[in-house]
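What follows is one structure encoded as structure tokens, with my remarks underneath.
Just so we're on the same page: letters track the sequence lines, and every chain starts at 1.
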Amino acid sequence: MTEEKKSKAYDPKEVEDALYKEWLEKGFFHGNENGTLPSYSIVIPPPNVTDILHLGHALNNTIQDILIRKNRMDGFDAEWMPGADHAGIATQVVVEKQLVKEGTTRRELGREKFHERTKAWAYRNKEYILGQLKRIGCSCDWERTRFTIDEELSNAVKEVFIRLYEKGWIYRGNRIVNWCPSCQTSLSDDEVEHEDRDGHLWYIKYKMKGSDTYLMVATTRPETMLGDTGLAVNPKDQRYKKFVGKTVILPILEREIPIVADAFVDLEFGTGVVKVTPAHDPNDFEIGQRHDLEQINILNNDGTLNANAGKFKGMDRYEARKELVKELEKKGHLEKTEKYDLSVGTCYRCHNTVEPYLSEQWFVKMDQLAAPAVEAVKNGELRFHPDYWSKTYLHWMENIRDWCISRQLWWGHRIPVYYCEDCNEQIVAREMPEKCPKCEGTKLYQDEDVLDTWFSSWLWPFSTFGWPQETAMLKKFYPTKVLVTASEIIFLWVARMVMAGYEFRGKLPFNDVYIHGTVRDANGVKMSKSLGNGIDPIEIIEKHGADALRISLVLATPDGQDPWIARNTFEGGRNFVNKLYQATRFVMMRMPEGQKFDASQPPKEDLILVDSWILSRLERTIEEVNRYISEFRLNAASKSLYSFTWNDFCSWYIELIKPDKPEDPIREGSLKVAIYVLDNIIRLLHPFIPFVTEEIGRKLNECLVHQRETLTFGPWPKAGALKKDAKLEESFNSIQSVVNAVRSVRAEMNVPPGKRSDLFVRITDREMGKLLEEYQDYFRSLAKINALHIGDKIKKPGLSASAVISGAEIFIPLEGLINVEQEKGRLEKELTGLKDQLEKVSKKLANQDYLKNAPKDVIEKDRARKTDIEDRVEKLNNNLEQLLGW
RNA sequence: GGGCGAUUAGCUCAGUUGGUUAGAGUGCUUGCUUGACAUGCAAGAGGUCACUGGUUCGAUUCCAGUAUCGCCCACCA
């Protein structure tokens, strides 16, 4: 026998690609809008074309695929709409960086060429990303892939802009917006992230006009003083009352600016005097409006200072700050500098500090849009899972602010607004009009700005189905069933989709929102490209297969919490997939040639205890899995399936139906049950691990009367087909306890695993006795028993190890093997544990208040337990005493 | 500053109306190429359920407070 040992492990490479190709060819994933089956639809959260998918996407899409596949099996017409998001800022930033490397810029290239180039890049990336989804096994309807920048979706965007404009809910205005000097565009409030930074508070003296007294002002951004057009104090502030209405001289620029009284100013903070910079601070903007102060913009788009900054013109904002402080110091305007921690806004794409910046932008009025979306959660029409996210959602919705939707970018949906060069008329239209409707001038130009990326994403649940046309798709698949996403985009995306759904369809876009955790690495740090701790799902698939990737992610993701994932996380899933495969191999190997079973009906005849037990456990598992999935608790569902398959089915059931001698056949009744259970297991697991289960299903066909082409369309196992039998499960537990006790004794007494031993069982409970008598053959091999003696009058054999369990005492003769001291120690340890328990329960039962107040069944249980422990203590004592004789 | 959540074994987490001896996976220790699987089998060690009070006959579970951590929101210069 020199033959090299071949690996018998399951090899996903051999099956996954071929199966996926077959599924596609047969059109299994194509939703039929004209069919009669009820619909179950999901729209994918479109991944940004800039990001190749990471494990977070793998988790997100695995969850969606599980839900889609489960419902496709369960008789629904499943439609999973895939696609991608053009990701305005993110994409433009990437392409611009490429251009810089090539020594050019977008301005050199020109708007049209830049757009073409970006589009080509985006489409290329999109294809790669969708390819990743296919590798993961996602059962999307690929014939209907959508992209937010596609013409059809762009039309929906225009339509929505025009409708809202006509309703008066879109307006253009000069406001303070968040400006990213690096991306050179405005951002909505929700695209700004706040970071705590170490900063300073500079105390600057503003001298009163015509006097030597001065007012002291504290600021964290001294350079903005170049745009100061006033000082403000609280009207109730006695210290400064006399100064209100007077004038101070702005240091350096020497501008005269007024002192105003405004309730916004906090008496307690700083010096109680605030410098007012209407063009560079949202509060100051409002103070300025109330007191009619001038707005002076000191910044260029790129964050350098403009002509209004005098000698600081052309400097970067931070360089200017440094120089300005130096100058203030030199001229004696600076009183002191303090350390001060502050929170600064940063761009969610490039993470540079954003500047409040006065500019003309387009906004959407949100209050009326928000109303039905708030109501939906309050009346339970829209549900979050886990539920606590609804609080976050409501909090945001109830404090909603107008949405800045214009972006100073070139990549995106251009704003459908045109201006007349002659009369400045503003025209909102789908296409550029031939002439100005007001002055009939023909020199028209389109608004330079594009729309916020989210202005197309918020229409995704219906624009992808053909809206504004009333298509069959739209009728059949809108509203969708559930939205699956991480918590980061509840405001940016989820809330806005709900608002759009009500406004444009009159119906919310989905009833359930399933929020899952964000993937973290082994140290709890968020996985991201920039940190370099990300893992590419393809790497895992190459190594362990897509099934292993999927089930590992679901097993590792606690419902509602962030999973911590390392590379070896995936070994658990891989092992599980292999285990299932090996169990199948065993059962199939033992099938008599040509034998076929009918697995469509539960086996009802020729069942022994273990058979009924596994069927009862299966029924319980089916119930659990169905319940968990309906509650969006996929982690719990996957754990239930994992444990049933591995522990109940493989470790106990299969081991128990193995005949005593390997060459003997398995009892036919049990073999039927094994096939039946296996068939249910693969169907329950199919949504989680579609490839290996489909593969097993085909192997199983060999011994089934009713063969199945695929598991894709079910049937999905439903509760109720089998009998759940708690009493029987309890009986089975008794047998397990004997096996466990023997195994434990043997291991602790160092009995060589290959050596069989005799077993003496002294029965102290009739039920137990009957069970053990009847099923002795089924635990003989598990416990490695040679001669077996069972009875109520069994005497303890000479030198032996013992164990006491409920209803029986067991003895294993250990002539020549036993170490008396060791055995003594073992028994004493157990005795101590039991005595502790006995003391506790005795104390409890002696408590009159307990007896008076506790429910009867609880007391009964405790009494029975006390008796049982007393019994075991007594026997342990006897055995210990006997041992001392040796 | 406001809100939300968490704290259970070395690590990641279950524990669903308060009632046996608080569980799983993983890691660790020990022993096994056993007949489907060494991607495996068996056994074992490991927990004051963050802390302090309260309610209760009884609290990991309910309530309050404290501490620590995380997330979200926020215009205090």
What does nucleotides 9-16 of chain B look like as a protein-contact string, B for base, S for sugar-phosphate only, - for none, at under 4.0 angstrom between heavy atoms?
---SSSSB

What nucleic acid atoms does [X] come within less than 4.0 Å of, heavy atoms only: base, sugar-phosphate, or nothing?
X: A:E571; result: nothing
X: A:W202; result: nothing
X: A:K391; result: sugar-phosphate
X: A:E830; result: nothing
X: A:N740; result: sugar-phosphate
X: A:R574; result: base

A quick test of your reading: do over 12 heavy atoms of other residues, nucleotides or ligands sit less than 6.0 Å from NZ of A:K699?
no

So with a 6.0 Å cut-off around CD of A:E730, is the heavy-atom count from everything else above 12?
no

Do A:S640 and A:E624 have a side chain donor and acceptor closer than 3.5 Å?
yes

For B:A36, does the base pair up with any side-chain atom of A:K658 as donor and acceptor (N or O, under 3.5 Å, distance only)?
yes

On the side chain of A:E655, is there an atom forming a donor-acceptor pair with the base of B:A42 - under 3.5 Å, no angle test?
no

Sequence neighbours excluded, which residues qualify as side chain to side chain contact (heavy atoms under 4.5 Å, CB included) partners of A:E14?
A:D11

Can you tabulate the close N/O pairs, meaning under 3.5 Å, that link protein atoms to atoms of nucleotides 71-77 of chain B?
{"unit_1": "B:A74", "atom_1": "OP1", "unit_2": "A:R401", "atom_2": "NH2", "d": "2.8"}
{"unit_1": "B:C75", "atom_1": "OP1", "unit_2": "A:R401", "atom_2": "NH1", "d": "3.1"}
{"unit_1": "B:C75", "atom_1": "O2'", "unit_2": "A:N283", "atom_2": "ND2", "d": "2.7"}
{"unit_1": "B:C75", "atom_1": "N1", "unit_2": "A:N283", "atom_2": "OD1", "d": "3.2"}
{"unit_1": "B:C75", "atom_1": "O2", "unit_2": "A:N283", "atom_2": "OD1", "d": "2.8"}
{"unit_1": "B:C75", "atom_1": "O2", "unit_2": "A:N283", "atom_2": "ND2", "d": "3.2"}
{"unit_1": "B:C76", "atom_1": "O2", "unit_2": "A:D266", "atom_2": "OD2", "d": "3.3"}
{"unit_1": "B:C76", "atom_1": "N3", "unit_2": "A:D266", "atom_2": "OD2", "d": "2.6"}
{"unit_1": "B:A77", "atom_1": "OP2", "unit_2": "A:Y340", "atom_2": "OH", "d": "2.7"}
{"unit_1": "B:A77", "atom_1": "O2'", "unit_2": "A:A218", "atom_2": "O", "d": "2.9"}
{"unit_1": "B:A77", "atom_1": "N6", "unit_2": "A:D266", "atom_2": "O", "d": "2.8"}
{"unit_1": "B:A77", "atom_1": "N6", "unit_2": "A:F269", "atom_2": "O", "d": "2.7"}
{"unit_1": "B:A77", "atom_1": "N1", "unit_2": "A:D266", "atom_2": "N", "d": "3.1"}

Please enumerate all protein N or O atoms sitting under 3.5 Å from an N or O of nucleotides 57-60 of chain B, with distances to 0.1 Å.
{"unit_1": "B:C57", "atom_1": "O2'", "unit_2": "A:N847", "atom_2": "ND2", "d": "2.9"}

Listed by chain and number, what are the salt bridge (Lys or Arg N to Asp or Glu O under 4.0 Å) partners of A:K784, not counting sequence neighbours?
none

Salt bridge (Lys or Arg N to Asp or Glu O under 4.0 Å) partners for A:E860, two or more places apart
A:R863

Using ring-ring contact (aromatic ring centres under 6.0 Å, His included) as the criterion, list what pairs up with [X], not counting sequence neighbours.
X: A:H385; value: A:F632
X: A:F285; value: none
X: A:F688; value: none

Scan nucleotides 44-47 of chain B against the protein and return all N/O pairs shorter than 3.5 Å with their distances rounded to 0.1 Å.
{"unit_1": "B:G44", "atom_1": "OP1", "unit_2": "A:S744", "atom_2": "OG", "d": "3.0"}
{"unit_1": "B:A45", "atom_1": "OP1", "unit_2": "A:K829", "atom_2": "NZ", "d": "3.0"}

Can you tell me how the ring of A:W179 sits relative to the ring of A:Y357, calling it parallel under 30°, perpendicular over 60° and tilted otherwise?
tilted

Name the stems that RNA chain B belongs to, where each is three or more consecutive Watson-Crick or G-U pairs with both distances under 3.5 Å?
B:1-7 with B:67-73, B:10-13 with B:23-26, B:28-32 with B:40-44, B:50-54 with B:62-66

Rounding to an integer number of angstrom, what distance separates B:A6 and B:G15 when you compare their C1' atoms?
16 Å

Donor-acceptor check, side chain of A:N568 to backbone of A:E571, threshold 3.5 angstrom: yes or no?
no

For residues 841-858 of chain A, which residue pairs pass the side-chain hydrogen bond (donor to acceptor under 3.5 Å, both in side chains) check, not counting sequence neighbours?
A:K844-A:D862, A:Y850-A:D862

